Amino acid sequence: MTVFTGKNVVVGVCGSIAAFKVAGWVSTLTKMEALVDVAMTPAAERFVTPLTFASLSGRKVYSAMFDGAADGSMAHIDLGREADIFVVAPATADIIAKLAHGMADTLVTTVALVARCPKLLFPAMNVQMFASLPVQENLKKLRESGWTVVAPASGSMACGEVGKGRLVEWQDAQEYLAAALSRQDLAGMRVVVTAGPTREAIDPARFLSNRSSGKMGYALATAAARRGAVVMLISGPSSLPAPPLVTLKRVETAREMHDAVMAESAHAGVIIKAAAVSDYRPENIAPHKVKKENIETEMRLVQNPDILFALGEKKPKGQILVGFAAESRNLEAEGRRKLTKKNLDLICVNDISASDAGFESETNRILLLDRDGGEERLPLISKLETADRILDRVVALRCTP
Ligand code: PMT
C-alpha cells in the first residue's frame, strides 16, 4: 500500500522532448497502484505516441477535446471532476501561458479549469525561455491561483544549453505528488530527525561505527515532509540520497550530531532520534595510519554525550520527544526503562535479532510505547509505512496535554 494506491491521477502531457520521461512517471505511478489517466496536447503526440501511455497505464489515453462525445461522455469534465490530483508535465511555455490566462482550447487546459483537486505544474523548457519575463509572470499568476509550481532542475539541456530548465527527476517529483495526496496534519511543524550511524575515528583509515544504514530515519524525514512538516534531517554517514523537501545536515561523529541537534532543539515541535549513536569513542585519534604491527590490542574508550538524555532534560513544554531503542531481548522492559530515563513521550523499540527488521532492512517491526502507558505492536511493514504510523502517534500525543 502506498500513498498513490487507488488514487485518480490525471497527467496532462505537453509537447516537449521531456515527454518521454513522463512515460516513466506514468509507468511507476501505475505500479504503485494509482489509476492514471493521460491527457495529451496535440504537440505532445509528436514526441510520444498515445499508445505508449496507454500501454504503460493500462487505460485509455485522451487527446481530442471531444473524445467519447459519441457515447455522451465528456472527457474534459469527467477527467477534471474525478481527479484526486492533476499534474501537467512537461509544462511548456505555451501551456503555461494558456493556463495562466484561462484558455480552454485543448483537453489539458480544459481539464485544468474543471479540476478542483491539487494541481501541480512541472515546467521544462529552454533555459532562456524559462527565465523570460512572460513565463515568470505567468508562473506567478498560476501560483497565486493555487497551482504548485515545481521549479525545473539545472543541467545540460537537449538544446545544448546548460542551466535551469530540465524536467525534475521522478525521485523529486513523486514527493510533491505524495505531499499533495497526504493529510497535512504536521503543516508548518518543525520536525528534527536524526538518522544513520556515527563514526568515531581511530586513525585516518579506521573508525568505530555500527550497521545503521539511515533508512529508518530518512523514511521518517520523508513521511514528515509529505505531511507538511518543515524537516531538518541530521544524518550520520549514509549512502542514501538527500530526501527532497527536507533540509539535510550531514555529520560524522556523535559530538557533531550532539551539537547539530542541540542547535535545532529549542525551535523544534517534534524531535525523533532514529540515529544509532556510538556510545563510546577512542580516547585518542592517531594522526597517522597505525601500522598493523603497532596496533594495540586494547583500546581506551571514552563516553560520548547521550544526546537523547540531554534533550529529555531540557525538553520545552509541548515538544514531543521520540526515541528509538535497538534491542535483541526484553524489548518491552528495556523500552520502558529508556522511555522513563530519557523523559520521552514515545519510544520505538526495534527487535534487531530479526533479519527483516532493524538495521539495514527495507522493513521494520516496531513496538511503540508511550508516556501514558500506551502500547502498540506494529506489523512487519515498510520503513515508510512504519514512519507514518509513528507520526500518527506523534500527532495523537500532540493533541493530548
Ligand atoms: O538506519 P537503519 O539501517 O534503517 O536502522 C534503523 C535503526 C535500527 C538504527 C533504528 O531503527 C534504531 O533503532 N535506532 C536507535 C538505535 C540505538 O542507538 O538505540 P539505543 O538503544 O542504543 O539508543 C536509544 C536512543 O538513544 C536512540 O534514540 C538513540 O538515538 C539515542 N542515543 C543513544 C546514544 C547516544 N549517545 N545518544 C543518543 O541520543
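When a ligand or atom number is given, it counts from 1 through the structure's own listing order. Given the structure is predicted, the values throughout are model-derived calculations rather than measurements.
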For [atom], which candidate among [options] provides the closest heavy atom?
{"atom": "atom 23 (O) of ligand 1", "options": "Y218, F309, F324, Y280", "result": "F324"}
{"atom": "atom 35 (C) of ligand 1", "options": "V277, L308, L220", "result": "V277"}
{"atom": "atom 20 (P) of ligand 1", "options": "M216, E327, K338", "result": "K338"}
{"atom": "atom 17 (C) of ligand 1", "options": "S278, A276, P197", "result": "A276"}
{"atom": "atom 33 (C) of ligand 1", "options": "R255, E360, K273, K342", "result": "K342"}

Would [X] count as a contact residue for ligand 1, given that I'm defining contact as a non-hydrogen atom of the residue lying under 4.0 Å from a ligand atom?
{"X": "G214", "answer": "yes"}
{"X": "S238", "answer": "no"}
{"X": "G196", "answer": "no"}
{"X": "K383", "answer": "yes"}

Which residue pairs pass the salt bridge (Lys or Arg N to Asp or Glu O under 4.0 Å) test with at least one member in residues 21-32, sequence neighbours excluded?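 Those involving residues 21-32 are K21-E169.
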
Taking 4.0 angstrom as the limit and counting only heavy atoms of [X], give me the atoms of ligand 1 inside it, by number and element.
{"X": "G323", "answer": "28 (O)"}
{"X": "P305", "answer": "35 (C), 36 (N), 37 (N)"}
{"X": "K215", "answer": "1 (O), 2 (P), 4 (O)"}
{"X": "A274", "answer": "9 (C), 10 (C), 12 (C), 14 (N), 15 (C)"}
{"X": "D279", "answer": "34 (C), 35 (C), 36 (N)"}

Salt bridge check: are [X] and [Y] linked by an N-O gap of less than 4.0 Å?
{"X": "E332", "Y": "R337", "answer": "no"}
{"X": "D259", "Y": "R255", "answer": "no"}
{"X": "E327", "Y": "R329", "answer": "no"}
{"X": "R227", "Y": "D392", "answer": "yes"}

Among all the protein's non-hydrogen atoms, which is closest to [atom], and how far away is it?
{"atom": "atom 37 (N) of ligand 1", "result": "I307 N, 3.1 Å"}
{"atom": "atom 11 (O) of ligand 1", "result": "N350 ND2, 2.8 Å"}
{"atom": "atom 30 (O) of ligand 1", "result": "A275 O, 2.7 Å"}
{"atom": "atom 19 (O) of ligand 1", "result": "A326 N, 3.4 Å"}

Is there any N or O on S212 that sits under 3.5 Å from an N or O of ligand 1?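 Such a contact does occur with ligand 1.
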
So, regarding S213 and ligand 1 (criterion: nitrogen or oxygen to nitrogen or oxygen, under 3.5 Å), is there a contact or not?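 It does: an N or O of S213 is found under 3.5 Å from an N or O of ligand 1.
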
How long is the straight-line distance from CZ of F47 back to CD1 of I17, given to the nearest 0.5 Å?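 Spacing of CD1 (I17) from CZ (F47) equals 6.0 Å.
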
Using side chain to side chain donor-acceptor pair (under 3.5 Å), reason through S63 and E45 one step at a time and then give a plain yes or no. CA-CA 8 Å; S63 44; E45 291 188 30; 3.0 Å; yes

I need the minimum non-hydrogen distance between T222 and P243, along with the two atoms involved.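 Nearest heavy atoms, T222 then P243: OG1-CB, 3.6 Å.
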
Just to verify, what does F122 make a ring-ring contact (aromatic ring centres under 6.0 Å, His included) with, not counting sequence neighbours?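 If we apply the ring-ring contact (aromatic ring centres under 6.0 Å, His included) test to F122, skipping adjacent residues, the hits are W25.
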
Taking salt bridge (Lys or Arg N to Asp or Glu O under 4.0 Å) as the criterion, tell me which of D185, D370, D388, D372 meets it with R393.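 Only match with R393 under salt bridge (Lys or Arg N to Asp or Glu O under 4.0 Å): D370.
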
Between K342 and D306, is the salt bridge (charged side-chain N to carboxylate O under 4.0 Å, His left out) condition met? List the steps. CA-CA 9 Å; K342 302 194 184 193; D306 187 324; 2.8 Å; yes

Can E362 and K215 be said to form a salt bridge (charged side-chain N to carboxylate O under 4.0 Å, His left out), step by step? CA-CA 7 Å; E362 296 300 325; K215 286 176 190 166; 2.9 Å; yes

